[in-house]
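Step one of this worksheet: look at the structure below.
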Amino acid sequence: MPSPIFISETMAYDHKKIEKKWQDYWVENKVFRAVDNFDLPKYYVLDMFPYPSGAGLHVGHPLGYIATDIIARYKRHKGFNVLHPMGWDAFGLPAEQYAIKTGTHPSVTTKNNIDNFRRQIKMLGFSYDWDREINTTDAKYVKWTQWIFLQLYKKGLAYESEVPVNWCPELKAVLANEEVVDGKSEIGGHPVFRLPMRQWMLRITDYAKSLLEGLDDLDWPDSIKELQRNWIGRSEGANVHFELPSINEKLTVFTTRPDTLFGATYMVMAPEHPLVNRLVSAEQKIAVKQYVEDASKKSDLDRTELNKEKSGVYLGAKAINPVNGKEIPIWISDYVIMSYGTGAIMAVPGQDQRDWDFAKEFDLPIIRTVEPPEDFEGEAYFGEGPAINSDFLNGLNIADAKSKIISWLEKKGLGEKATQFKLRDWLFSRQRYWGEPIPVIHNNGATTPLDESELPLELPEVEKYEPAGTGESPLSNITEWVEVKDETGNILGLRETNTMPQWAGSCWYYLRYIDPGNSDKSWDGAKEKYWMPVDLYVGGAEHAVLHLLYARFWHHVLYDLGHVSTKEPFQKLFNQGMILGQDGSKMSKSRGNVVNPDETVDTFGADSMRLYEMFMGPLDKAKPWSTTGLQGCSRFVNKLWNIMVTDSGNISVKITNDPPTKETARMLHSMIKRVSVNLDNLQFNTCVSEFMIFTNHIQTLITINNDVLKSFIILINPFMPHMAEELWQLSGQENELTFQKWPTFDELLIKADTMKLAVQINGKRRSEIEVDINTVEKEIFETAKSADKISNHLKNKIILKEIYVKGRLVNIVVK
RNA sequence: GCCGCGGUGGUGGAAUUGGUAGACACGCUGGUUUUAGGAACCAGUAUCGCAAGAUGUGAAGGUUCGAGUCCUUUCCGCGGCACCA
């Protein structure tokens, strides 16, 4: 960004010198250290810690950090003991891919990137307690990540399974469901295929109910709660058992519409269903085998892209519909998926569009069991209506029919009420080097967890970081690490060579900040009880169903095991929006619209950048960067400086002990009120406007009262701490600014002596009157009626009603 | 298709939650100052109109004394999910 710097005639605020001065001061005096003083009210304000990439920060990254820093500083002024930490989510694929290319150990890359990120973050003057900095790749941290894994393992929540996984040949790794988007990898957009592989899984499905119900009491954006609810995907319905006469077994299906059972005219099983081979008839054997093979070759992308046309094959077997004893044919089709419900459905084409499409394709019978309205022209009907063709359910609405059929099924032992979740177990292993080793030893098909005393299990040095390509991690090549031997050299077992996914470290880092140096325990119980939960958590919405769901899962487990005192980790969540490039599109290297914070801070200073990012608009909205907008904020910063400070660097002679005018006092108290309320609501942009309005006012003053100035400095300190500290010092204050009490406002002082009231005729503004604040209503109406332009509007009209909205307006309703 | 969020000047956005729409800033126009450019300061800036005045928060209806705000229908944009039975 070529920004020519011109020397102005007024003394410019020397941001470089002053920012360095106070940043050094804060570090040397450990001003922002959080002390474990349990008597003080606490406030835990947390940022989603970054993955330190090689590219460094662009101006969008620190947006949330600026907001949390403002809140942290605000809460300190409000008397809270504030915990505000920062750390690094440092395991991950980019460092490993760089290692494959260059041979540089990922720990070296990671260290360099962290150093750069730390430098960039520090230049913005954030009030982090750097004594609590953590790094997920640090052996002292990995130890406790592995320790938590062992707790999950011991509780039976970690298991190995040969499951069809999302295999990405390009990344040479398997991915979690949450990491696959539209059949492609979330990172890089490479195709993903379904392959069976041995994998570690975490039983997050055991916590589906708990995770769903826990959302209710959280102060989170509705959109994120809704996203998680959808992802967990609770469905209420029934399991229904269908008799399979040919093999004398039962086939259970899950349905949300048991009321439509009389309309079930055929059944469909997933091609992978275990009963397929036993049910298939001799005549259909070849066709079925072919279909099953074709289905297994399809990638996720194929399956979604082909979702328009239904395919399938008749199994040559029948099932008995339990409500009427009718024989119905069983088909297989890939529109039924094995991993949801029981992998088989009862098809009710009359009430389900997918079943309708399939029935039309293969000429299967359709029976409506809910009467559609007369003008209904669609195909399957899923609206409300009376039951038809359904024997004892006829005439009932859907809800009544459901409960009646469920109790009928339960009484006869043919089915029962059931709840299903979409959520699947969490695929927890990765075929990568740069992750936490899973602390487990294999021996003859059995697995043994490491003893806690053997933790941390550290990564061995390797020569090649390239994965084997067969789905095995680079660790599998390190024989001396993999083979666990006793003193005499006998092999006792083989180490697990898969590592944990990047999410592992971020699942509990907020707990480690509470007690980062503890080498005996993951964290101290008393400290955890004091600091938790996180009072405010700010980060990007892209983590809605990944990090935020996984972390909640671990936390729920830790709660059940008695390791944490709160059921939920993050009480209030806020998502910062994206900062777009000047052109309105997403900032990216390829578009060439990336704004670098190093240059911005160098040219305009940290305070200007902080102020501008807050001024741009609401924190949660996406908004484009504007260099002229930034210049506007920089202009404001300099203007404020020049009002307060002389060219020779002393506090202005305007600052005196003369009492403020009524107007100045009114504006100060109004500002205190609005800034306080807006900060409580995380509305930072309007706080900045308030500062501008007040500054525009004091610019016109001949003298500025010293106490007014003091209050103003405290108000701006969260936003522009460097200048605030300097002004605080220049104005002769000696106490630590950080802990000054937040000013309070006096409602009486905010009121002016007179008020301006709009005068409306039939709700339209026609005039304005100014009256004394104590004027009684009757007098106000009289004044209003005689006001400029109003008498004209009242000519030849009948006044029906007179409305006075206190302090705002008068409305005269006429006819 | 389903779920969630949004649509206000030339631009980013305000609006005490039903009460004077456009705060604050950017940009633009004119002025002061300056050798000039820049900076700083002053004034103006929703639209139409010389004016009086009229119109105006994606569109159309409705509730109300009064609607950017509430209700209905509809269009557009963004995010998420997607054969989940």
Side-chain angles (χ1 to χ4, degrees), chain A residues 4-10 12 181-182 221-231 233-235 237 253-257 260 268 303-304 306-308 310 333-337 339-348 351-355 357-358 420-424 541-542 544-545 575 584 612 615-618 620-633 635-636 638-639 642 673-674 677 683 685-693 695-696 699 756-768 789 800-814:
Chain A
I5 306 163
F6 299 99
I7 294 147
S8 76
E9 282 151 18
T10 43
V181 179
D182 291 337
D222 287 339
S223 58
I224 300 291
K225 286 206 215 181
E226 215 40 46
L227 243 45
Q228 290 214 353
R229 285 194 187 106
N230 291 342
W231 191 263
R234 182 190 170 100
S235 292
V253 301
F254 172 75
T255 175
T256 55
R257 294 295 301 275
T260 64
V268 187
R303 277 182 102 144
T304 39
L306 296 173
N307 69 11
K308 286 277 176 260
K310 293 279 180 285
S333 171
D334 63 4
Y335 86 92
V336 172
I337 48 183
S339 48
Y340 185 74
T342 61
I345 61 155
M346 60 179 221
V348 189
Q351 267 72 233
D352 185 292
Q353 190 59 41
R354 296 156 301 179
D355 297 344
D357 294 342
F358 191 84
Q420 270 293 331
F421 294 94
K422 265 201 296 195
L423 187 69
R424 317 281 166 77
E542 67 273 18
V545 289
N575 297 121
Y612 172 60
F615 186 58
M616 288 172 84
D620 56 344
K621 296 283 180 312
K623 53 240 157 191
W625 184 262
S626 152
T627 302
T628 49
L630 169 64
Q631 281 165 350
C633 284
R635 214 173 287 158
F636 165 75
N638 278 296
K639 184 198 243 181
N642 286 320
K673 180 181 179 180
R674 290 191 178 174
V677 170
Q683 291 165 327
N685 53 332
T686 46
C687 292
V688 179
S689 323
E690 290 298 321
F691 300 150
M692 289 173 170
I693 292 168
T695 302
N696 288 343
Q699 189 177 24
K756 280 182 185 164
L757 300 175
V759 183
Q760 299 182 333
I761 302 290
N762 292 341
K764 284 215 162 100
R765 184 180 181 277
R766 300 294 180 185
S767 186
E768 189 179 78
K789 297 168 194 168
L800 299 176
K801 208 170 173 186
E802 290 170 339
I803 295 155
Y804 172 53
V805 181
K806 201 154 183 274
R808 305 233 147 253
L809 54 81
V810 174
N811 188 12
I812 302 168
V813 186
V814 299

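To find a chain, count down the sequence lines: A is the first, B the second, and so on, and within it residues start at 1.
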Trace of the side chain to side chain contact (heavy atoms under 4.5 Å, CB included) decision for A:I761 with A:V814: CA-CA 7 Å; A:I761 302 290; A:V814 299; 3.8 Å; yes
I want to verify a distance call: between B:rC24, B:rA85, B:rC81, whose nearest atom is closest to the A:K422 side chain? B:rC81
Picking from B:rC65, B:rG19, B:rU55, which would you name as closest to the side chain of A:K764? B:rU55
Per atom distances to the A:I337 side chain, the nearest of B:rA85, B:rA23, B:rG19 is B:rA85
Report the nucleotide, chosen from B:rA85, B:rC65, B:rA82, that has the shortest atom-to-atom distance to any side-chain atom of A:T255. B:rA85
The salt bridge (Lys or Arg N to Asp or Glu O under 4.0 Å) partners of A:R229 (sequence neighbours excluded) come to A:D216, A:E226
When you measure from the side chain of A:P618, which nucleotide among B:rC65, B:rA14, B:rU20 comes out closest? B:rA14
With 3.5 Å as the limit, what N/O pairs link the protein to nucleotides 26-29 of chain B?
from	atom 1	to	atom 2	distance (Å)
B:rC26	OP1	A:R635	NH1	2.6
B:rC26	O2'	A:T628	OG1	2.8

Any protein N or O atoms within reach of nucleotides 3-12 of chain B? Criterion: under 3.5 Å, listing atom names and distances.
from	atom 1	to	atom 2	distance (Å)
B:rG12	O2'	A:M616	O	2.6

Test ring pair (Phe, Tyr, Trp, His ring centres under 6.0 Å) applied to A:F358 - qualifying residues, sequence neighbours left out: A:Y266, A:W331, A:Y335, A:F362
Residues which pass salt bridge (Lys or Arg N to Asp or Glu O under 4.0 Å) with A:D352, listed by chain and number, not counting sequence neighbours: A:R354
Scoring nucleotides 42-48 of chain B by protein non-hydrogen atoms under 4.0 Å (B base, S sugar-phosphate only, - none) yields -------
Syn or anti: how is B:rU34 classified when any glycosidic angle within 90° of 0 counts as syn? anti
